[in-house]
Amino acid sequence: MEACLPMMDAAVMAMPAESRDGWVEAARRGDRSAFGQLYARYARMVHGILLARVPAGDADDLVQDVFVAALRRLHTLRDSGAFGSWLAQLTRNLAIDYHRRVRRSEELPADLASTDAERVEAAEVLAVIRSLPDAYRETLILRLVEGLSGPEISARTGLTPASVRVNLCRGMKILREKLGLPQGTSGQEEQ
Amino acid sequence: MNDDYLWDKTGAPDPDVERLERLLGGLAHNKPMRPAATTRLIRPWPVGLAAAAVIALTAGLAWWQESTQRAGWDYKLSVQGVVADARTLRVGDWLHTGANELAKLEVASIGHVDVSGNTRLRITNTGQREHRLELERGKIHAFITAPPRLFFVNTPSAVAADLGCSYDLHVDDNGDGFLEVTLGWVELALAGRRSIVPSGAQCETRKHVGPGTPHYASATAAFRAALSRIDFGAAQAGDLDVLLRDARARDTLTLWNLLFRLTPDERGRVFDRMLDFGSPPEGVSRDAVRRGDAHALDSWKEQLNDLW
């Protein structure tokens, strides 16, 4: 079955490594605009990882906290090329700290949807995604909520394209089952 | 159509993926970086300012604790379909619906509880760390969108902990209960007994005993009857045989949960039967299951989740 066979994709290289590495180096030297470039590039990844773990209403604030922590700890990053995976792990750690620190109620953003029915359905679907194993829920949220493509998810998180593609396909297959949707061809796994 | 659209948004769009994108897209990140927040967090506060903040925080906490004790949830009562004005159910006050009455409680900002007729309940706590109801008798439907273990319902036969996010809970006049989960997971616990019930499954609870074993309504009648006897101290010879005989792949939910309540020899028999539904992961051996090795059982559960 071809559908979910892991494969490399040229789009993985959509973000030139030299730009990213240059921004990391410049940010390390205190260049705020370079750090702003990294924020623009990675904020959706950070938000998606948080959304898989913390209440939606708190994810936005925590994005800021993650980047503040990243700025403080940037000197500990040895390989600029590993910035994405380093930031992803930092985000997961801060989400754990969040749960240790406080349990807060979850509120959906006021502008999430125009009707209660849509708001409730979005909350239900998000809850179902959160019930999936870690690898699937994180990848699906980055794809379905944050709008990143598979190659973009791979490039930002440091996961291999093959892993991302398998996680997307398997996660979507389970999500379809749990939501009672018919299995499309995109839900088929590699044999 | 293949998975190209899911992977890199090329090819023929998958209608389900497109719909989920539209539905969930409102949650996406769209906030710029806040320089002020960065500055505030990077610069240490002067000692005097920090001390003042601590004092203010302490006073605020005391006020918050006091106000929490007086807090309540808004609710609307409807009598034969006619909805009355919103009222507030304060912590400690009982709500008792009549036979023809229904109530809808807004649980702080995390969801709602629909209260059926002939139901008696009260709020025992509501705050940032937990929201807790006591359901003495009757039936509720809870829909909660919050992190796990923030919303609880105490009943005479179990405490239901919401792990996200929709379920029906019924308590009869004897204090026995029945849970049916429609979305997410719910944990039932009492006096050392614990059951985690996934979406689509149900579970009985008994006063002074606690929760039974989760199972599906679609299991055979003989399966459910034998399980009830095993759960609540009336087991008959051959009941375990019935469970092993009638179990389907989905009923590994029940078999896996039973492992915690059986003797080592019985656990070995359950292990043998569960092999019919797939090989366990590495490290989950018959010996480990007979010993009740918690790590092995958890590892197996992760794999079995796909069947439930």
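Lettering follows sequence order; numbering is per chain, from 1.
- The minimum heavy-atom distance between A:P182 and B:D16, with the atom names listed, is O-OD2, 4.0 Å.
- Using a 4.5 Å cut-off between heavy atoms, A:L179 contacts chain B through its side chain alone, with no backbone atom that close.
- Annotation for B:R194: atom CZ does not count as buried by contact number, only 12 or fewer foreign heavy atoms lying within 6.0 Å.
- Ring geometry for A:H47 versus B:H29: interplanar angle of 30 to 60°, hence tilted.
- Between B:W7 and A:P161, the shortest heavy-atom distance links the atoms CH2-O, 3.5 Å.
- Interface remark: A:V128 contributes side-chain atoms only to the contact with chain B (heavy atom separation under 4.5 Å).
- In this structure, the side chains of B:L20 and A:L140 stay at 4.5 Å or more apart for every pair of heavy atoms.
- Between B:D3 and A:C169, the shortest heavy-atom contact is OD2-SG, 3.2 Å.
- Residue contact with chain A, scored on non-hydrogen atoms closer than 4.5 Å, involves the backbone and the side chain of B:Y5 alike.
- Scanning both residues, B:L27 and A:A56, for their nearest heavy atoms gives CD2-CB, 3.9 Å.
- Proximity to chain B is limited to the backbone of A:L148, based on heavy atoms less than 4.5 angstrom apart.
- Salt bridge B:R19/A:E121: present, at least one basic N to carboxylate O contact under 4.0 Å.
- Remark: A:E146 engages no residue in a salt bridge (Lys or Arg N to Asp or Glu O under 4.0 Å) (not counting sequence neighbours).
- Here the NZ-CH2 distance, from A:K178 to B:W308, works out to 10.5 Å after rounding to the nearest 0.5 Å.
- In this structure, no portion of A:I153 lies under 4.5 Å from any heavy atom of chain B.
- No part of A:V46 comes within reach of chain B, as not one of its non-hydrogen atoms sits under 4.5 angstrom from that chain.
- No salt bridge links B:D8 with A:R143; every basic N to acidic carboxylate O contact stays at or beyond 4.0 Å.
- In this structure, the side chains of A:I174 and B:N305 stay at 4.5 Å or more apart for every pair of heavy atoms.
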